[in-house]
Amino acid sequence: MAHANGSDASSVAVLKDLVDQLFALQSERVQIYNGFSSCYSDYVSSGPNYNFAQYRSRVKLATDNFQRVSTGVRSLSAEMEQKGVARPAVALISQLQEQEKTKLTLTVDWQLKNKSMVDAKRALESASEDVDDSDLRAQLVITTDAEKQTKQRLGEVTQEIADTLQDLRYELEDILVSE
């Protein structure tokens, strides 16, 4: 297995620091997702008179933070590669980045579908009894199915990320132990 160039204590310490930084950034990304989820929950619960301005500013903040973390992870990956870290570990970091990108895309897609579902439910609840609400009911079924499918795929990607992180931990631990 390829490992960091040199086997002195300082190269191991540098590599360990890079690994710690990588997992700190990943933990930060989890916290950003939690805030993003909370932001969405606040937004959707503010309906039917949504506070879009507040939601938009919080989404911008989350987006900026996601971008900063992603840039940091790419930088650490490049530094690890430069220091000779085994290609499988660097490839796992790249895979993690792609999975996180997919997760963010699915999260936004789910939020849009969920909001459509919530809006359809509200419209159906507020429809007067003498109005034909079959179109509203059909829309609710369609949006509910789409929302469930996206949520399921989001769960699958989240599990893939957890698996990749576990593989990455093992790969990096092997590299550090072999030093």
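These numbers come from a predicted model, not from an experiment.
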At what distance, to the nearest 0.5 angstrom, does [atom1] of [X] lie from [atom2] of [Y]?
{"X": "L168", "Y": "E173", "atom1": "CG", "atom2": "CD", "answer": "10.0 Å"}
{"X": "S27", "Y": "D20", "atom1": "OG", "atom2": "CG", "answer": "10.5 Å"}
{"X": "K113", "Y": "Q149", "atom1": "NZ", "atom2": "CD", "answer": "7.5 Å"}
{"X": "K121", "Y": "S116", "atom1": "NZ", "atom2": "OG", "answer": "12.5 Å"}
{"X": "T164", "Y": "Q159", "atom1": "OG1", "atom2": "CD", "answer": "9.5 Å"}
{"X": "D163", "Y": "L96", "atom1": "CG", "atom2": "CG", "answer": "11.5 Å"}

Close side-chain approach of [X] and [Y], heavy atoms under 4.5 Å:
{"X": "E156", "Y": "R153", "value": "yes"}
{"X": "T105", "Y": "D109", "value": "no"}
{"X": "T144", "Y": "V141", "value": "no"}
{"X": "L25", "Y": "E28", "value": "yes"}
{"X": "R137", "Y": "D133", "value": "yes"}
{"X": "F36", "Y": "N65", "value": "no"}
{"X": "L172", "Y": "L22", "value": "yes"}

Single-linkage hydrophobic cluster [X]~[Y], side-chain heavy atoms < 4.5 angstrom:
{"X": "I142", "Y": "V118", "value": "no"}
{"X": "Y170", "Y": "F23", "value": "no"}
{"X": "L176", "Y": "V85", "value": "yes"}
{"X": "L112", "Y": "Y40", "value": "yes"}

Could you tell me whether a side-chain N or O of [X] sits under 3.5 Å from a main-chain N or O of [Y], the two making a donor and an acceptor?
{"X": "Q99", "Y": "V157", "result": "no"}
{"X": "S41", "Y": "S37", "result": "yes"}
{"X": "T143", "Y": "Q139", "result": "yes"}
{"X": "S77", "Y": "I93", "result": "no"}

If we ignore angles and hydrogens, is there a donor and acceptor under 3.5 Å between the side chains of [X] and [Y]?
{"X": "D17", "Y": "Q21", "result": "yes"}
{"X": "R169", "Y": "Q166", "result": "no"}
{"X": "E100", "Y": "Q26", "result": "yes"}
{"X": "R74", "Y": "T71", "result": "yes"}

[Y]/[X] salt bridge by N-O under 4.0 Å criterion:
{"X": "E125", "Y": "R122", "result": "no"}
{"X": "K60", "Y": "D64", "result": "yes"}
{"X": "D42", "Y": "R58", "result": "yes"}
{"X": "R87", "Y": "E171", "result": "no"}

List the steps and the verdict of side-chain contact (heavy atoms from CB on, under 4.5 Å) for D167 and Q95.
CA-CA 11 Å; D167 291 347; Q95 179 180 337; over 6 Å; no
If you count every heavy atom of other residues, nucleotides or ligands that lies below 6.0 Å from K115 atom NZ, does the total exceed 12?
yes
Above 12 or not: heavy atoms from other molecules or residues under 6.0 Å from OH of Y50?
yes
Checking one residue: L124. Which other hydrophobic residues are in its cluster under the side-chain 4.5 Å linking rule?
M117, L136, L140
Can you classify the ring geometry of Y43 versus Y55 as parallel (below 30°), tilted (30 to 60°) or perpendicular (above 60°)?
parallel
For residues T107 and L154, report the shortest heavy-atom separation together with the two atoms involved.
OG1-CD1, 3.5 Å
